[in-house]
Amino acid sequence: MPIVVDIDVLLAQRNMSVGEFAAAVGITPANIAVLKNGRAKAVRFATLDAVCRVLECQPGDVLRYVPDE
């Protein structure tokens, strides 16, 4: 898929565990894994808002477009 989710990079930069992040965002660690592994088909704006609030970032820091070759 051409949309890449960089949550793992942002978590590493902030020394935050997946469990801490999931609790702060209000979703399960399993759903964080779905996002991180690129298996998510959609992301609610409310979830994206919570992700950006917790990580203190912009949506473009979380999501990026990489065209298929």
Side-chain angles (χ1 to χ4, degrees):
M1 171 168 290
I3 302 297
V4 176
V5 181
D6 287 325
I7 288 177
D8 52 348
V9 173
L10 296 167
L11 290 177
Q13 290 172 346
R14 287 154 178 80
N15 295 319
M16 184 180 283
S17 72
V18 171
E20 291 172 320
F21 178 64
V25 171
I27 61 178
T28 66
N31 282 336
I32 298 294
V34 168
L35 285 171
K36 283 176 40 175
N37 297 326
R39 295 189 317 256
K41 299 295 180 195
V43 178
R44 294 176 190 248
F45 281 130
T47 302
L48 185 58
D49 172 61
V51 166
C52 291
R53 181 178 31 81
V54 169
L55 295 177
E56 298 178 348
C57 67
Q58 294 294 312
D61 299 327
V62 178
L63 304 172
R64 63 185 164 94
Y65 176 75
V66 178
D68 288 334
E69 293 182 11

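Computed over heavy atoms, backbone and side chain alike; hydrogens, waters and symmetry mates excluded. Positions are given from 1, in the same order as the sequence printed here.
Within the structure, salt bridge (charged side-chain N to carboxylate O under 4.0 Å, His left out) contacts touching residues 43-56 (residues at least two apart or in different chains) do not occur. Residue pairs meeting the side-chain hydrogen bond (donor to acceptor under 3.5 Å, both in side chains) criterion with at least one partner in residues 18-36, sequence neighbours excluded, are Ser17-Glu20, Thr28-Asn31. Under the side-chain hydrogen bond (donor to acceptor under 3.5 Å, both in side chains) criterion, the residue pairs touching residues 5-16 are Asp6-Arg64, with sequence neighbours excluded.
The structure places CG of Leu10 at 8.0 Å from CZ of Phe21, a figure rounded to the nearest 0.5 Å.
The two residues Pro67 and Pro2 have their closest heavy-atom pair at CA-CB, 4.3 Å. Residues Pro59 and Cys52 come closest through the heavy atom pair N-SG, 3.5 Å.
Within the 4.5 Å cutoff, no side-chain heavy atoms of Val5 are placed close to those of Asn37. When side chains are defined from C-beta on, Val4 does not count as touching Leu63, because their heavy atoms never get closer than 4.5 Å.
For the side chain to side chain contact (heavy atoms under 4.5 Å, CB included) test, residues two or more places apart in sequence or in another chain that qualify with Val43 are Leu35, Thr47, Leu48.
Neither Val25 nor Val9 shares a network with the other; the hydrophobic side chains, linked directly or stepwise wherever heavy atoms of I, L, V, M, F, W or Y lie under 4.5 Å apart, form separate groups for each. Residue Val34 is not grouped with residue Val51 when hydrophobic side chains (ILVMFWY) are merged at heavy-atom distances under 4.5 angstrom, including chains of intermediate members.
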